[in-house]
Amino acid sequence: MITLDKKDFLEWMRSIEAKWQKRWKEAGVFEPKAEESKVKYFLTVPYPYTNGPLHIGHGRTYTIGDIIARFKRLTGYNVLFPMAFHITGTPIIAISERIANKDAKTLDMYRSYISSYVEDREKVEEILESFKDPLKLATFFAEKVQSDFEALGYSIDWRRKFHTGEPIYNAFVTWQYNRLRKLGVVAKGEHVVTYCLLHKQPEGEDDIQDADVNPVEILEYTAIKFKLEGSESSLLASTLRPETLLGATNIWVNPEAEYVIVEFNGERLIISKKAWVKLTHQHVESDIRILGELKGSELIGKTVESPLGQKLLVLPAAFVDPGNATGIVYSEPSDAPYDYVALIELKANPHLLGAYGVDGRVVENINPIKIIEVLGIADHHAKAVVEKYGITSQLDDRLEEATREVYKEQFYNGKLIVDHPDFKGLSVPEARDKMKKKLISDGKAMVFYELNRRAFCRGGGEIIVAKIRDQWFIDYSAPWWKDKTRNLINERLEIIPPKYKKAFQDVLEWVEKRPCARKRGLGTKLPWEPDWIIESLSDSTIYMAFYTIVHKIREYRIPPEKLIPTFFDYVFLGEGCAEEISKETGIPVELIEEMRKEFNYWYPVDHRHTGIPHISNHLTFYLFHHTAIFPEDKWPRIISLNETVIREGAKMSKSKGNVIPLRDIARNYSADLFRFYIASAASLDSVLDWKQKEIELVLDGLYRFTNTMLQARSIEGEIPSDFYGRWFASKFRKIISDSRKSMELLEVRDYVQKAFYHVMNLIEQYRDLVGENYLKAVKYISEDWLIMLNPVIPHLTEELNELLGGGGFLSISEWPTGSRYWEDEESEVLVDSLFALVEDVRKILEVLKKPATKAVIIVAPEWKREALRLYREGKGMKSIIEELKSNYNLRGRELEIVETVQTFSRNPNEDVFKTSSRREYEVLQYSVNFLERKTGLKIEVLWEDEARARGIPRSEKAQPLKPAIYVD
């Protein structure tokens, strides 16, 4: 084994992974029982959507979840870590339809997906044909995702798996929605939603492409009417910042875009043709007719009047997107980077206006108008930021970032400096709200809804914002509900990393009504109106409760029709009578009580781990639904989050071909290599950049670690009680404690640094000190070290433990206490100082640039430590000098005392007070051979007084833990 090259090592790792996965499964080591004598820990990660294979971005979240689960087991908890599969909604149906319609792109994609699991070509085609049935597509990938998870060593209790299309799950969701309706938070009405033009129905985040990593949000624009001179029509220009109307200089249109004149509520409005589609869906009650069509170029050179009486010229701009809001914008170049760059470009090329019959000189007098003051920005804000970025084109992608920077700074720090009495001195948010209300109340503007980005459903339909009537929705704005959930977030819930708490608070405040059902898709029928299907995010809020009993439902083969609402009322809420429910359902009383006991033992969810994008939807609904349905003692306790994954500095996408399926990890890399890299490459709140070179370095580290352990295989383990042994043992003991603290704080990367790299470095240093005898210490710590690393690399640690003579499963052992190792902080400090001393000698030799044969190491006397102790106690210099002169006979050496204290004050080192001069001298004497070996010099260790007596220069410069060095 030790002679294997890295390629063989990787193959060996893969082989042992399959071996240990089989053993864990056969022994049922991750199938916990509800035992009152044990402290439980219920950890969940969101179940995956099974419309295709998962990739390493998903793998980061699930791997972190498993590391937490494994760590909690080692620290004494009875851990439940279950998993299920999500199939609700329209995406799977949309895929099945495209396969049935023989869409070439979809067929190729899914043929490729199936081929990653199935080699036989005929079988691949047979499976692909079966995908015309959406349930078969969903269950195929559910099975494969499970096998992918097993291949990565996830410690999941698979007895509790289910999918959201199963009748037993439908019964559970039916109960949930009956409860919500009784609470008055589910109702039918009018609501603004994300809407699919293809399928003609609302679509939630789960049904929109990439919404899990790039959320889709509804934005409320203010669409302002600008009266076109000599016409009955008005240009409708949309903005997110209506207060900037005070500094408007012109109107922008895209000369190549198609615009329409529409009659809307008795007015004539000019908007883009794409905006007309959105307007008709947002005002379904209105009669909206197209009166005429025109190109953007026909508007250029015309003049409009703003609601504030400004006369503005219509000018061309390529950056104007006819597909965004109304397709017309007004220009405020002082505070909008896009407007500023477009104006500068046009001023530099006025001849371009000739193509539209407009004299280019008209732009000469159009200049930014400063209306907002921000401390530290003397010039126009947009100009300052554009110049900082070096942007010269209105099509530069960096304008998005520049715009965000200006808007953010102005939102928090901007004040209006206009003469208008209604707005002068207001903050930007105050002015924004006031201007919006004024314009709308005066009939000079209207609300226009738009998405924060262009979006498509998973079936390819374009997503817009629409207002739906007779739509079933959940009303998250109910005051009692907001108050309860606010209390949970602010007072009870722990969020890790803590910086994300504000995001939860913000979402809580703005979330209001949300569609909870649609007419199409897989899922649970709305109990009181079964032609509606409960929407995919709306049925996935409290399913964690179902994990606690689903294995019992399966074990006793309880049919779904017996899972009536009163059954769930009793099991989850303790309402009703078990005997009565038993009579009604035929389920034995003992079994009903057993399931009630299971739920009460495991609930609440102690910890939910997921990705950052879920804050704005799933996680918020998860909290709301728990506060509505369950008592306070069953509310969630911890939510932890991790950022996304990119690859080699670029976002992963199918179009770039840089997506790595989870399926490829175990066979192209290895489970433990992946797990180690995921855990060590980035902290939870950082984007993880998957880099091949770094993975190679991780593999090198695992290879060296494995060889080190195996070299100690046949050695009797011991740690001698000399200085070096006590140093090694005490340092290792501290790493055990520090690693645990890091994991308890979910500082996973920090934990790996300590538990793996710090120990590897410690072993290398110990080898430097004692030579090949270091392997005795490696063997002595081997079991404890392997246990510490087991959450991250469970297969490799189990195998090495067995090869080194250990028994049982490390995965269900106990985190080491460290009590078998010396705790000797003084030895830690003194031996650490040896390595610093070696570096100091080497630096001196570099400066000398000539051969040397000998070095004298000069140790400071105890009085210098005493001087520093007195200084730390707050005594003045005069008092310190008098006390030391009296106690150590130092008359005439007052300057040395002062220099000692001053040296320390410039660079304080608390380690000085953990040591004595005597022990420092003893360790240096003991380490002469080590120092000679590392420096190539003959080493002599002297007390300072001895060195002074021999006339060795600068002996008096010796300081505690910083010996003077004289090189001969």
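Throughout, numbering of the chain's residues begins at 1 and tracks the sequence.
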_Is any side-chain heavy atom of His614 closer than 4.5 Å to one of Arg608?_
no
*Heavy-atom distance under 4.5 Å between the side chains of Tyr117 and Asp148, does that happen here?*
yes
_Taking salt bridge (Lys or Arg N to Asp or Glu O under 4.0 Å) as the definition, give me every residue that meets it alongside Arg767, ordered by chain and number, with sequence neighbours left out._
Glu772
*Can any side-chain N or O of Glu17 pair as donor or acceptor with the backbone N or O of Ala671 at less than 3.5 Å?*
yes
*Under 3.5 Å donor-acceptor, Arg663 side chain and Ser147 backbone*: no
*Taking only Lys NZ, Arg NE, NH1 and NH2, and the carboxylate oxygens of Asp or Glu, determine whether Asp750 and Lys754 approach each other closer than 4.0 Å.*
yes
*asked:* So that I can tick it off, tell me whether Arg14 and Glu11 are bridged by a salt bridge, with the cut-off set at under 4.0 angstrom between side-chain N and carboxylate O.
replied: yes
*Let me know which of Phe9, Phe676, Trp785 forms a ring-ring contact (aromatic ring centres under 6.0 Å, His included) with Phe705.*
Trp785
*Among Tyr47, Phe149, Phe81, find the residue that satisfies the ring-ring contact (aromatic ring centres under 6.0 Å, His included) test when tested with Tyr62.*
Phe149
_Are Tyr821 and Lys731 packed together at the side-chain level, in the sense that at least one heavy-atom pair is separated by less than 4.5 angstrom?_
no
*Would you call Lys779 and Ser782 a side-chain contact if the rule is heavy atoms closer than 4.5 Å?*
yes
*asked:* Let's go through Asp606 and Lys72 carefully: what are the C-alpha distance in whole Å and the side-chain angles of both, what is the deciding distance for side chain to side chain contact (heavy atoms under 4.5 Å, CB included) to 0.1 Å, and is it a yes or a no?
replied: CA-CA 11 Å; Asp606 295 284; Lys72 289 296 180 181; over 6 Å; no
*Side-chain heavy atoms of Glu798 within contact of Arg23, under 4.5 Å*: no
*asked:* What I'd like to find out is whether the side chain of Lys914 reaches to under 4.5 Å of the side chain of Asp911, using heavy atoms alone.
replied: yes
_Salt bridge flag under 4.0 Å for residues Arg842 and Glu846_ = no
*Between Leu837, Asp768, Leu834, which is the residue that forms a side-chain contact (heavy atoms from CB on, under 4.5 Å) with Lys934?*
Asp768
